**Q** 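The structure is given below, and queries will be raised subsequently.
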Amino acid sequence: MSSVAFETQRAALADVVAIPVTPFAEDGSVAQDTYRALLRRLLDGGVTTLTPNGNTGEFYALTPEERRLVAELTMDEAGDRAVVLAGVGHDIPTAVASARHARELGAQMVMVHQPVHPYVSQAGWVDYHRAVAEAVPELGVVPYVRNAQLTGARLAELADACPNVIGVKYAVPDAARFAAFARDAGLERFVWVAGLAEPYAPSYFSAGATGFTSGLVNVAPAVSRNMIEALRSGDYPAAMKVWEQIRRFEELRAANGSANNVTVVKEALASLGLCRREVRPPSRTLRDDERAEVAAIAAGWSI
């Protein structure tokens, strides 16, 4: 498939890439109707790119059956209103099966989670992603890079073998390293998605990113839209005004090694009556004083 055929997917990455939460019912199962309602709220809020089974969706806490269910529900709700970038990962056979399942459902792209393995070699990183990308040549493939050791040359090597590797979700918290990585890999060759969401979006856009991922968008789609619109027009002062609005919320999510990354988003949604606050271990719900602060922030966004 020629790169021209991936234009729809490339355009979808150069946007707010929403990572929906996975709400749980009182019995602990996936709350399907609530999930659908949250997706409709995102779509109605102008979101056109969805990543089911992302980290904000508690990917690593879901069973294989639940991951398939979440992908199915997302495709069903998205219809022709959004492009779906399905999260896949774990061992290679599992990642390949998930990618093929996403393809069967009609997803146009897969995001490959960073290999969770204590021993990752750079050549092995290429092999892992190549195995997934070659299994679904029709789909756009987006590696999720959290490994500061990985070089841009390795990404270029992967894309030489797999032309369907079209974008990167870059989530190393270092804007200078990102700028170098993107240029070493090929700034124009890939769509660069700031993988650390709104707090890093302005600095990463200044270095070449054209999209950013968001968990906050679950709570306040308009706030995320304001950020991307400011960045697209090159209005960094306006983007930083949004940054100031979201700063405390994102600091709460990032504290203690991002322990409450998903918890804070679900707490905000719970305060708005949109889903239950429960998360699965190793995440945990907030203390009462923290809950009150999150609720006050969410209320202040006049959603």
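Here the structure is a predicted model, which is why all the values come from computation and not from measurement. Only this structure's heavy atoms are used, side chains among them; waters, hydrogens and symmetry mates stay out.
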**Q** For the residue pair A179 and R183, what are the closest heavy atoms and their distance?
**A**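 Heavy-atom minimum between the residues: O-NH1, 3.0 Å.
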**Q** Over all heavy atoms of both residues, which pair between L231 and P202 is shortest? Give the atoms and the distance, please.
**A**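 Of all heavy-atom pairs spanning L231 and P202, the closest is CD2-CA, 3.8 Å.
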**Q** Working to the nearest 0.5 Å, report the span between CE of M75 and NE2 of H101.
**A**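 Those atoms lie 10.5 Å apart.
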**Q** Testing the basics here: between W192 and G186, what is the closest heavy-atom pair and its distance to 0.1 Å?
**A**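 Closest approach of W192 to G186, heavy atoms only: NE1-O, 3.7 Å.
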**Q** Could you give the distance from CG (L73) to CG (L38), rounded to the nearest 0.5 Å?
**A**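 Reported to 0.5 Å precision, the distance equals 11.5 Å.
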**Q** Give a yes or no on whether a salt bridge exists between E157 and R154, defined as a side-chain N under 4.0 angstrom from a carboxylate O.
**A**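 Result for this pair is yes, salt bridge flagged.
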**Q** Kindly give the heavy-atom pair with the smallest separation between K169 and G195, and that separation in Å.
**A**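 Distance-wise, the nearest heavy atoms are CG-CA, 3.7 Å.
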**Q** Please report the interatomic distance CD(E267) to OG1(T285), rounded to the nearest 0.5 Å.
**A**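 These two atoms lie 8.0 Å from each other.
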**Q** Please confirm whether the backbone N or O of P20 pairs with a side-chain atom of Y35, one donor and one acceptor, at under 3.5 Å?
**A**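 It does not hold such a pair.
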**Q** Do T8 and Q108 have side-chain N/O donor and acceptor atoms under 3.5 Å apart?
**A**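 No, no side-chain donor-acceptor contact under 3.5 Å.
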**Q** Between R291 and D288, is there a side-chain N and carboxylate O pair less than 4.0 Å apart?
**A**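 Between D288 and R291 there is a salt bridge, with a charged N closer than 4.0 Å to a carboxylate O.
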**Q** Between D15 and R225, is the closest basic N to carboxylate O distance under 4.0 Å?
**A**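 Between D15 and R225 there is a salt bridge, with a charged N closer than 4.0 Å to a carboxylate O.
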**Q** Tell me yes or no: between the side chains of E198 and S224, is some donor less than 3.5 Å from an acceptor?
**A**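 Indeed, the side chains of E198 and S224 share at least one donor-acceptor pair under 3.5 Å.
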**Q** For the atom pair CZ (R100) and CG (L105), what is the distance rounded to the nearest 0.5 Å?
**A**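 Rounded to the nearest 0.5 Å, the CZ-CG separation comes to 14.5 Å.
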**Q** Please evaluate residues R68 and E72 with respect to the criterion salt bridge (Lys or Arg N to Asp or Glu O under 4.0 Å), reporting the C-alpha separation (whole Å), side-chain torsions for both, the decisive distance (0.1 Å), and the verdict.
**A** CA-CA 6 Å; R68 284 194 291 273; E72 289 161 6; 5.6 Å; no
**Q** For S29, what residues pass the side-chain hydrogen bond (donor to acceptor under 3.5 Å, both in side chains) criterion, not counting sequence neighbours?
**A**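 With sequence neighbours excluded, S29 shows a side-chain hydrogen bond (donor to acceptor under 3.5 Å, both in side chains) to D27, given in chain and number order.
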**Q** Going hydrophobic residue to hydrophobic residue with side-chain gaps under 4.5 angstrom, can you get from V126 over to V136?
**A**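 Yes, V126 connects to V136 through the hydrophobic network.
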**Q** Examine L187 and L158 and state if one hydrophobic cluster contains both, with Ile, Leu, Val, Met, Phe, Trp and Tyr joined whenever side-chain heavy atoms are less than 4.5 Å apart.
**A**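 Yes, L187 and L158 fall within the same hydrophobic cluster.
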**Q** Report yes if the distance between the aromatic ring centroids of Y128 and H117 is under 6.0 Å, otherwise no.
**A**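 No, too far apart.
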**Q** Should the heavy atoms of other residues, nucleotides or ligands under 6.0 Å from CD of E26 be counted, would the total exceed 12?
**A**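 Counting other residues, nucleotides and ligands, CD of E26 stays at 12 neighbours or fewer.
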**Q** Test side-chain contact (heavy atoms from CB on, under 4.5 Å) on V16 and T49; report intermediate values, then the result.
**A** CA-CA 7 Å; V16 178; T49 310; over 6 Å; no
**Q** Measure from NZ or CZ of R67 to the centre of the six-membered ring of F59 and say whether it is under 6.0 Å with the direction within 45° of the ring axis.
**A**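 Judged by the rule, R67 and F59 form a cation-pi pair.
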**Q** Going by salt bridge (Lys or Arg N to Asp or Glu O under 4.0 Å), name the residues that satisfy it together with K266, two or more places apart in sequence or in a different chain.
**A**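 Counting only residues at least two positions away or on another chain, K266 forms a salt bridge (Lys or Arg N to Asp or Glu O under 4.0 Å) with E58.
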**Q** Is there side-chain contact between E250 and L216, with heavy atoms separated by less than 4.5 Å?
**A**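 Touching, per the 4.5 Å side-chain cut-off.
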**Q** Are V142 and L13 side-chain neighbours, meaning at least one heavy-atom pair lies under 4.5 Å?
**A**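 V142 reaches L13 side chain to side chain.
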**Q** Is any side-chain heavy atom of V110 closer than 4.5 Å to a side-chain heavy atom of L85?
**A**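 Sidechains of L85 and V110: no contact.
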**Q** Taking only Lys NZ, Arg NE, NH1 and NH2, and the carboxylate oxygens of Asp or Glu, determine whether R247 and E251 approach each other closer than 4.0 Å.
**A**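 Between E251 and R247 there is a salt bridge, with a charged N closer than 4.0 Å to a carboxylate O.
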**Q** Is it the case that more than 12 heavy atoms not belonging to D33 sit under 6.0 Å from its CG atom?
**A**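 No, because the 6.0 Å sphere around CG of D33 holds 12 heavy atoms or fewer from other groups.
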**Q** Is there side-chain contact between S271 and V294, with heavy atoms separated by less than 4.5 Å?
**A**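 Side chain of S271 against side chain of V294, heavy atoms only: no contact under 4.5 Å found.
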**Q** Looking at N256 and A259, would you say the former's side chain and the latter's main chain have a donor-acceptor pair under 3.5 Å?
**A**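 Here the side-chain-to-backbone pair does not exist.
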**Q** Is the backbone N or O of G54 less than 3.5 Å from a side-chain atom of T51, with the two atoms forming a donor-acceptor pair by type?
**A**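 No: the side chain of T51 does not pair with the backbone of G54.
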**Q** Nearest heavy-atom pair of V96 and A135: which atoms, and what distance?
**A**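 That would be CG1-CB, 3.6 Å.
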**Q** Calculate, to the nearest 0.5 Å, the distance between atoms CE and OG belonging to M240 and S203 respectively.
**A**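 Here the rounded value is 8.5 Å.
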**Q** Within the distance-only criterion (no hydrogens, no angle test), does the side chain of R280 pair as donor or acceptor with the backbone N or O of A61 below 3.5 angstrom?
**A**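 Looks like yes, one N/O pair under 3.5 Å.
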**Q** Which atom pair, heavy atoms only, marks the closest approach of A14 to V191?
**A**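 In this case the closest contact between A14 and V191 is N-CG1, 4.0 Å.
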**Q** What I'd like to find out is whether the side chain of R41 reaches to under 4.5 Å of the side chain of P221, using heavy atoms alone.
**A**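 SC-SC contact between R41 and P221 confirmed.
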**Q** Would you say L42 and L50 make side-chain contact, with heavy atoms under 4.5 Å?
**A**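 The answer is yes, as the side chains (C-beta and beyond) meet within the 4.5 Å cut-off.
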**Q** Are the side chain of N260 and the backbone of T263 linked by a donor-acceptor contact shorter than 3.5 Å?
**A**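 Flag not set: sc N260 to bb T263 has no pair under 3.5 Å.
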**Q** Is the shortest heavy-atom distance from the side chain of N218 to the side chain of T56 under 4.5 Å?
**A**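 A side-chain contact under 4.5 Å exists here.
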**Q** Provide the full list of ring-ring contact (aromatic ring centres under 6.0 Å, His included) pairs with a residue in residues 140-170, sequence neighbours left out, each pair given once.
**A**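 Qualifying pairs, neighbours excluded: H113-Y144, Y170-F178, Y170-F181.
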**Q** Mark yes when over 12 heavy atoms from residues, nucleotides or ligands other than E188 sit less than 6.0 Å from its CD; otherwise mark no.
**A**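 Not more than 12 within 6.0 Å, no.
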**Q** Verify the cluster assignment for I92 and Y60: are they in a single hydrophobic cluster under the rule of side-chain heavy atoms below 4.5 Å apart?
**A**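 No, separate clusters.
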**Q** Looking only at atom types and distance, does a side-chain atom of N164 sit under 3.5 Å from a main-chain N or O of A133, one as donor and one as acceptor?
**A**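 Yes.
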**Q** For R284, does the CZ atom have more than 12 heavy-atom neighbours from other residues, nucleotides or ligands under 6.0 Å away?
**A**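 At most 12 heavy atoms, drawn from other residues, nucleotides or ligands, come within 6.0 Å of this atom.
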**Q** Does the side chain of N261 come within less than 4.5 Å of N55's, by heavy atoms?
**A**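 Not in contact.
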**Q** I'd like to know if the side chain of S233 and the backbone of E229 have a donor-acceptor N/O pair within less than 3.5 Å.
**A**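 Pair found, side chain donor or acceptor close to backbone of E229.
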**Q** Would you please indicate if the ring centroids of F249 and W301 are separated by under 6.0 Å?
**A**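 Judged by ring-centre distance (under 6.0 Å), F249 and W301 do meet the cut-off.
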**Q** Please check if the side chain of E293 supplies one atom and the backbone of E290 the other of a donor-acceptor pair under 3.5 Å.
**A**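 Answer holds: no.
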**Q** Is it true that, when you exclude D160 itself, more than 12 heavy atoms of the residues, nucleotides or ligands shown sit nearer than 6.0 Å to its CG?
**A**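 Yes, enclosed.
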**Q** Kindly compute the distance separating CG (L69) from OG1 (T74), expressed to the nearest 0.5 Å.
**A**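 The distance works out to 8.5 Å.
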